[in-house]
Enquirer: 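Handing you a structure now.
Each chain gets a letter, A, B and so on, in the order the sequences are listed, and its residues count up from 1.
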Number of protein chains: 2
Amino acid sequence: MSSDRSSPKQESSSGHNRVLDEAERLFRMRGYNAVTMRDIACEVGIRQASLYYHFASKEQLFVAVTERMFERHRIGLQQAIGENSHDLRSQLHAASVWFLSQPPVHFLSMVHTDMPLLAEENVKKLSACSYQSIFEPLRQTFIQAQERGEIRDIRPNWLAGFFLSVMESIPYATTFPGAAPKEVMVNEMIGVLLDGLKPE
Amino acid sequence: MSSDRSSPKQESSSGHNRVLDEAERLFRMRGYNAVTMRDIACEVGIRQASLYYHFASKEQLFVAVTERMFERHRIGLQQAIGENSHDLRSQLHAASVWFLSQPPVHFLSMVHTDMPLLAEENVKKLSACSYQSIFEPLRQTFIQAQERGEIRDIRPNWLAGFFLSVMESIPYATTFPGAAPKEVMVNEMIGVLLDGLKPE
DNA sequence: GTCTATAACCCGATAGAC
DNA sequence: GTCTATCGGGTTATAGAC
């Protein structure tokens with residue numbers, strides 16, 4: 001359905017955003033290098049060259065896709081944490097529910113495999129974006145829990161990284177035969193973490 | 001396939017192994033897809049076509065490189081754990097010392113980005129190889145600690161994955177400005193983990 | 001906005017000389 | 001064992017018609 005003329009800012013599923021959606025799905029599944037502009041165009045239902053009407057290059061498309069994804073996480077994460085701002089356990093639980101509701105970010109793959117293929121300018125942009133969207137909200141959560149005396153004094157930087165690294169491994173860990181459901185694994189992780197962080 | 005018996009064991013840095021060394025370094029730094037046979041040949045100091053005297057294809061070279069790396073980890077890990085077979089803390093410490101002594105494996109990137117580009121046969125081979133070289137030794141370590149009553153009863157599968165995922169994130173986490181040294185982070189992680197796993 | 005056609009380049013792999 | 005030369009194919013990106 002392509003009636004686009006009337007509404008001035010009708011970008012919901014029109015062209016631009018449709019490209020972003022399919023590109024995000026493919027980039028997430030196979031990484032930046034293994035996805036071709038042909039693949040993306042094919043999923044959208046147009047020809048490869050037509051993509052260049054919407055985005056100037058493959059790299060710019062990837063940056064736009066990734067920035068949009070991080071912004072989604074910033075909003076979702078801040079809302080999840082903010083709605084449970086009383087104790088750390090419910091905050092971490094809400095954060096984990098948010099992560100499990102989203103497709104995996106594959107953050108380490110992105111940093112290690114995708115980023116080095118981009119211009120340094122874009123690497124800086126995406127690194128800053130990931131930091132303030134995902135890392136910083138979690139870091140603040142741990143800092144506040146420490147100020148409330150809920151957990152003992154361990155570098156909040158490290159606690160955020162710890163939590164994220166385990167969350168990132170969940171999609172892989174649950175591919176094992178006989179593995180527990182994601183939710184169970186996450187709750188056990190939070191339990192162990194909070195027990196290990198009890199104040200003296 | 002006949003092999004010449006004239007030279008007894010002169011394969012240390014001779015041709016074949018020299019290719020394996022440089023290929024391993026490049027594949028680890030940039031991943032399978034982003035490294036070309038020309039890159040590898042250039043590092044070895046030969047021409048791209050000459051690589052095909054040693055390995056039948058890029059994929060076979062990657063498989064050989066990765067199998068050799070996992071075998072190294074199997075030996076190193078089993079030795080580190082076996083030499084400290086009295087309490088879990090010293091075993092995990094020894095395992096972490098081993099991992100920090102080696103270049104990072106980038107396991108999640110390998111599974112997510114590199115593996116899907118290989119033939120299914122090779123994916124199975126490398127998956128099995130990674131499991132028995134890295135995952136299974138750690139899993140057995142946790143199982144034995146549970147039998148000794150050192151830690152409470154949590155799926156050993158999950159504990160091994162937990163430990164590994166954090167170890168894998170260390171190379172990235174220590175790129176942050178003002179981050180603690182790797183050894184400090186690992187020791188804090190082991191401390192938190194063991195406190196969180198104390199038996200009732 | 002989408003198309004066709006194509007430029008310009010890089011890749012893995014093979015053939016065959018030395 | 002290493003070389004040169006090259007083939008066939010895939011890639012990003014551009015030009016210009018509709």
Enquirer: Looking only at side-chain atoms of A/M37, point me to the closest of C/dA13, D/dT12, C/dC3.
Expert: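 Looking only at side-chain atoms, A/M37 lies closest to D/dT12.
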Enquirer: When the distance from CG of B/L118 to P of C/dG12 is rounded to whole Å, what number comes out?
Expert: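 Spelled out: CG on B/L118 to P on C/dG12 is 13 Å.
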Enquirer: Between A/E120 and A/K124, is there a side-chain N and carboxylate O pair less than 4.0 Å apart?
Expert: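 No, no charged N to carboxylate O under 4.0 Å.
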Enquirer: Can you check the A/L51 CG to D/dT14 P distance for me, whole Å?
Expert: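 Result: 13 Å.
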Enquirer: Could you check B/Q140 against B/E136 for side chain to side chain donor-acceptor pair (under 3.5 Å), going step by step and ending with a plain yes or no?
Expert: CA-CA 6 Å; B/Q140 287 300 329; B/E136 182 63 14; 2.7 Å; yes
Enquirer: A/Q48 CD to C/dA7 P: how many Å, rounded?
Expert: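 The distance from CD of A/Q48 to P of C/dA7 comes to 15 Å, rounded to the nearest Å.
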Enquirer: Look at all strands and tell whether B/T36 reaches a base, only sugar-phosphate, or nothing, counting heavy atoms closer than 4.0 Å.
Expert: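 Sugar-phosphate, no base atom in range.
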Enquirer: Starting from the 5' end of DNA chain D, give me the residue, A/A56 or A/D39, whose nearest nucleotide shows up first.
Expert: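 Per heavy-atom nearest nucleotide, the more 5' residue is A/D39.
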Enquirer: Is B/R25 salt-bridged to B/E22, cutoff N-O under 4.0 Å?
Expert: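 Here B/R25 pairs with B/E22 in a salt bridge, since their nearest N and O are under 4.0 Å apart.
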Enquirer: Could you tell me how far apart A/E59 (CD) and D/dA13 (P) are, to the nearest whole angstrom?
Expert: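 Whole-Å distance recorded here is 8 Å.
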Enquirer: Looking at B/R152 and A/D195, is there a salt bridge between them, counting it only when a charged N and a carboxylate O are closer than 4.0 Å?
Expert: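 A salt bridge links A/D195 with B/R152.
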Enquirer: Within less than 4.0 Å of OP1 or OP2 of D/dG1, is there a side-chain N or O belonging to B/S50?
Expert: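 It does not, given that no N or O in the side chain of B/S50 lies less than 4.0 Å from OP1 or OP2 of D/dG1.
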Enquirer: Quick one: B/Y52 OH to D/dC3 P, roughly how many Å, whole number?
Expert: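 For the pair B/Y52 OH and D/dC3 P, the rounded distance is 15 Å.
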Enquirer: If each of A/Y53 and A/R38 is mapped to the nucleotide of DNA chain C with the nearest heavy atom, which maps nearer the 5' terminus, i.e. the 5' end?
Expert: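 The residue mapped nearer the 5' terminus is A/Y53.
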Enquirer: Pick base, sugar-phosphate or nothing for A/V19, based on heavy-atom distances below 4.0 Å to the nucleic acid.
Expert: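 Counting heavy atoms under 4.0 Å across all strands, no contact is made by A/V19.
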Enquirer: C/dC11 C1' sits how many Å from B/K58 NZ, rounded?
Expert: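 Result: 8 Å.
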Enquirer: Where the side chain of A/H54 is concerned, which of C/dG12, C/dA15, C/dG1 is the nearest nucleotide?
Expert: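 Of all the options, the side chain of A/H54 is nearest to C/dG1.
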Enquirer: How close or far is atom P of D/dG10 from atom CD1 of A/I40, stated in whole angstroms?
Expert: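 About 18 Å, once rounded to whole Å.
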Enquirer: In whole angstrom, give the distance that lies between atom CD1 of A/I46 and atom P of C/dG1.
Expert: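 Between P of C/dG1 and CD1 of A/I46: 11 Å.
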Enquirer: For atom CZ of B/R72, is the number of surrounding heavy atoms from other residues, nucleotides or ligands below 6.0 Å larger than 12?
Expert: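 Counting other residues, nucleotides and ligands, CZ of B/R72 exceeds 12 neighbours.
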